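Nothing here was measured: the structure is a model prediction, and the numbers come from that model. Lettering follows sequence order; numbering is per chain, from 1.
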There are 4 protein chains.
Amino acid sequence: MKYSRDDILDSAVDLIDREGIGVSTARVAAHAGVSNGTLFHYFPTKQDFIDALYLRVKRSLADAIGETDVTDPPKDRAHQVWDRWVAWALSAPARHRVVLLLKGGGVVRPEAVSEAAALFSGVTDVLDAAAKDGTLVPMPLPYLAAVVEAQVDVAVTAQLDGAARDTAFEMAWASISSRLP
Amino acid sequence: MKYSRDDILDSAVDLIDREGIGVSTARVAAHAGVSNGTLFHYFPTKQDFIDALYLRVKRSLADAIGETDVTDPPKDRAHQVWDRWVAWALSAPARHRVVLLLKGGGVVRPEAVSEAAALFSGVTDVLDAAAKDGTLVPMPLPYLAAVVEAQVDVAVTAQLDGAARDTAFEMAWASISSRLP
Amino acid sequence: MKYSRDDILDSAVDLIDREGIGVSTARVAAHAGVSNGTLFHYFPTKQDFIDALYLRVKRSLADAIGETDVTDPPKDRAHQVWDRWVAWALSAPARHRVVLLLKGGGVVRPEAVSEAAALFSGVTDVLDAAAKDGTLVPMPLPYLAAVVEAQVDVAVTAQLDGAARDTAFEMAWASISSRLP
Amino acid sequence: MKYSRDDILDSAVDLIDREGIGVSTARVAAHAGVSNGTLFHYFPTKQDFIDALYLRVKRSLADAIGETDVTDPPKDRAHQVWDRWVAWALSAPARHRVVLLLKGGGVVRPEAVSEAAALFSGVTDVLDAAAKDGTLVPMPLPYLAAVVEAQVDVAVTAQLDGAARDTAFEMAWASISSRLP
DNA sequence: GATGAATGAGCCTTCATTCAT
DNA sequence: AATGAATGAAGGCTCATTCAT
């Protein structure tokens, strides 16, 4: 009655953050204050559960990033995205770590990964805009996106804040900006 | 026939690359053409096995990178490291993917991680040299190292080669280089 | 069908009597008509299972012995205990042998042993009473108890009955009775 | 070269006393400073090893008891046997405990048990003599022997010495002595 | 919908035993 | 005789999943 799908997912974030992928469904259920059977009522398969967990966290990140003002210069928009992203991660580090774990461990189904990727149009839009400006290094956009994302992860894992956070953004931006002779 | 510890480890790289962390020790042994018992004769624990695997691959990378000429300018040395690193990864992509998987999945013991990190003094030396030149962004060296490593991983995963590989290096170098107004 | 913890334990008595300590949990489960997993659902550990088995049998013996009339002379009470004890053992020899096996083989956890010992206050009371009468040899009561118990085991193992059973009691009683010059 | 069958057995006594039946042959070999293979060179089977261990300890007890003077009165001879028995056990408690463990755990082959029993003619002779005197309770001699042995075990386990040891003997003797109206 | 007992396949690990050296 | 690497069957235990209530 009190417990919904999402409550179970949210409770699992902490648990998996602490104990790693590989926690048993039993422990996940217990940690959520739910019976074994209830877990499987919501998620027919452990794989389904993991994918759902991944998607939920990713969605919360996408929501946190939201949209940026199309009329602003790309770099400003990118900076805004960066700040929101890092803020989101720092506000609940477990969520960020769990996403890294699930993706890095290769336990999320590819379909879930791409479904999640689709949520981040707000981010790709910024890169698109920058690319149109000729601001960016001539490489495939997905590659540039990956380079930036990798740096967000590093920045967050390093728990940067204050000036360091801005410096980190400048580093990321520098890496993808075209440079003139 | 003579099977050594290392033969088992080498054979496991392919298997884990294909089937993910989570392969059973039985499959690992079978894939190496060795009995179940033999695996545990060499590696008392599955954890020991995984750590050993991680270390072996990391060591092979460290060997491939080797040293660079101290008299060369830091950026050149860095480029050399970059090229060797990417070449190593492309010459045996499975090894690279397995390292990402093991580390990303959080299944390697921290001690093994730091033991492996110690092997890469050849890389840190280059950053040290660059830092002394005032060439680098004023951030902790380990952070800069992490930013570069993250970009290597992205580049390798993207299977870049030719000109793109050089561009990717320039991107990484740009991210950590200090910029004047 | 409904299988309880106790059904599994009861079924195990025969099996262990026949095949010795060292029967696999798999065989125990199969013999009880239960799946392997069910066994571990009730007994998290084989050790837990063994302790539970020991306790269950001991408890059944304690129940069989029950209480004796405090107003009777100690020797009569002792005789009654003796008879009930032997009768219990003969009515289900496997139970008796299993207890000897578990205890003698040193596979029962000490805590279980003392927990079981606590069940036999009905027996110790009789010795206490006799001791107060000055009827007993001046030795520590636990020692006298051990001497009697040892003789019960011998008597039961020898499958004595009829007059021999009474003689055996007289022997045991003689061993702990004080003798005048 | 330095290590004989018996050295391995002797070394195993302590180990099994400490760790119970169930020690692996590997540990037994290591504890004896011998290789895995050497153990199986001497004892083709673990069962063979256990039987040999049991026999060796029993033989040492039989030797310690030796013979008693046929012209002495049975009770004196019995007392002598008792004293030597207890002394033997106290001089190396591990040996005694191991015998109890092996026998009690039901891991010794019956043939080994009877082969060992045959070594104790020195003891049975005393009972025979006493029986001929009419000194004993009218029960089968093996039963009386068992009753006495059980009490030795109790006495030894209790680590009795001094006067208590004599009292314990009197108790045992009383249990098997015929009593007149 | 929610529960939790029951399942059984599968996993990691142990260990007696073999055998080439 | 002595060694110890190699074996593989077997064991204890876990866990995702099912299902009757």
Side-chain angles (χ1 to χ4, degrees), chain A residues 1-5 8 22-30 32-50, chain B residues 1-5 7-8 21-30 32-50, chain C residues 1-5 7-8 21-30 32-50, chain D residues 1-5 8 22-30 32-50:
Chain A
M1 218 157 296
K2 288 213 299 286
Y3 298 109
S4 69
R5 242 182 85 99
I8 300 180
V23 251
S24 67
T25 54
R27 284 184 61 78
V28 171
V34 163
S35 94
N36 203 341
T38 300
L39 184 77
F40 281 89
H41 175 66
Y42 286 122
F43 311 96
T45 284
K46 191 185 189 182
Q47 183 66 63
D48 291 332
F49 171 76
I50 287 183
Chain B
M1 240 152 288
K2 198 68 207 310
Y3 293 111
S4 70
R5 246 180 82 100
D7 293 329
I8 301 180
I21 332 172
V23 250
S24 69
T25 55
R27 286 186 60 79
V28 171
V34 164
S35 95
N36 204 328
T38 300
L39 183 76
F40 284 89
H41 177 66
Y42 286 119
F43 311 97
T45 285
K46 190 183 189 183
Q47 183 66 63
D48 290 332
F49 171 76
I50 287 183
Chain C
M1 242 151 288
K2 196 71 207 308
Y3 293 111
S4 71
R5 246 181 82 101
D7 293 329
I8 301 180
I21 330 174
V23 248
S24 69
T25 54
R27 284 186 60 77
V28 170
V34 164
S35 93
N36 204 325
T38 300
L39 183 75
F40 284 91
H41 176 66
Y42 285 119
F43 311 97
T45 286
K46 190 183 190 185
Q47 182 67 64
D48 290 332
F49 170 75
I50 287 184
Chain D
M1 217 157 297
K2 290 212 297 288
Y3 297 109
S4 70
R5 242 181 84 100
I8 300 179
V23 251
S24 68
T25 54
R27 283 185 61 78
V28 170
V34 164
S35 94
N36 202 343
T38 301
L39 184 78
F40 281 88
H41 176 66
Y42 286 122
F43 311 96
T45 284
K46 192 186 189 183
Q47 183 65 63
D48 291 333
F49 171 76
I50 286 183

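- Rounded to a whole Å, the CG atom of C/Asp7 is 14 Å from the C1' atom of E/dA6.
- Atom CZ of C/Arg5 is separated from atom P of E/dA5 by 13 Å (rounded to the nearest Å).
- Comparing E/dC15, E/dT17, F/dA9 by their closest approach to the side chain of D/Thr45 singles out E/dT17.
- Each of B/Phe43 and A/Gly37 was matched to the nucleotide of DNA chain E holding its nearest heavy atom; the match closer to the 5' end belongs to A/Gly37.
- For the pair B/Ile21 CD1 and E/dC11 P, the interatomic distance rounds to 16 Å; values are reported in whole Å.
- Side-chain nitrogen and oxygen atoms of A/Thr25 include at least one within less than 4.0 Å of the OP1 or OP2 phosphate oxygen of F/dA16.
- Atom NZ in D/Lys46 sits about 20 Å away from atom P in F/dA9, given to the nearest Å.
- Taking side-chain N and O atoms only, C/Thr38 has a distance below 4.0 Å to OP1 or OP2 of E/dT7.
- Protein atom CD of B/Gln47 is 18 Å distant from nucleotide atom P of E/dC11, rounded to whole Å.
- Secondary-structure stems of DNA chain E, taken as three or more successive Watson-Crick or G-U wobble pairs (i with j, i+1 with j-1) under a 3.5 Å distance threshold, comprise E:2-21 with F:2-21.
- Atoms CD1 (D/Ile8) and C1' (F/dT3) sit 13 Å apart, rounded to a whole Å.
- Take the nearest nucleotide of DNA chain F for B/His41 and for C/Val23: the residue whose nucleotide is more 5' is B/His41.
- When distances are taken from the side chain of A/Phe40 to each of F/dT7, E/dA16, F/dT17, the shortest belongs to F/dT17.
- Two residues, B/Ala26 and A/Leu39, neighbour DNA chain E, and the one matched to the more 5' nucleotide by heavy-atom proximity is A/Leu39.
- Taking every side-chain heavy atom of B/Ser24 into account, E/dC11 is the closest of E/dC11, E/dT7, E/dC15.
- Each of A/Phe40, A/Phe43, A/Tyr42 was checked for a ring-ring contact (aromatic ring centres under 6.0 Å, His included) with A/Phe49, and the lone residue meeting it is A/Phe43.
- One can place CZ of D/Phe49 at 15 Å from P of E/dC15, the figure rounded to the nearest angstrom.
- The backbone N or O of C/Asp48 lies less than 3.5 Å from no partner atom in the side chain of C/Thr45, so there is not a single donor-acceptor pair.
- When distances run from any side-chain atom of D/Asn36 to the nucleotides E/dA5, E/dC11, F/dA6, the shortest one goes to F/dA6.
- The side chain of B/Ser35 lies closest to F/dT7 when the candidates are F/dT7, E/dC15, E/dT7.
- Separation of atoms CG (B/Leu39) and CD1 (B/Ile8) is listed at 5.5 Å; rounding is to 0.5 Å.
- Here CD1 of B/Ile21 is found 9.0 Å from NZ of B/Lys46. Values are rounded to the nearest 0.5 Å.
- The side chain of C/Tyr42 places an N or O atom within less than 4.0 Å of a non-bridging phosphate oxygen (OP1 or OP2) of E/dA6.
- Atoms OG1 and CZ, on C/Thr38 and C/Arg5 in that order, are 14.0 Å from each other to the nearest 0.5 Å.
- Put simply, the side chain of C/Ser24 gets close to the backbone of C/Arg27: a donor and an acceptor are under 3.5 Å apart.
- In this structure, D/Ser35 and D/Ala29 approach most closely via the heavy-atom pair O-CB, 3.8 Å.
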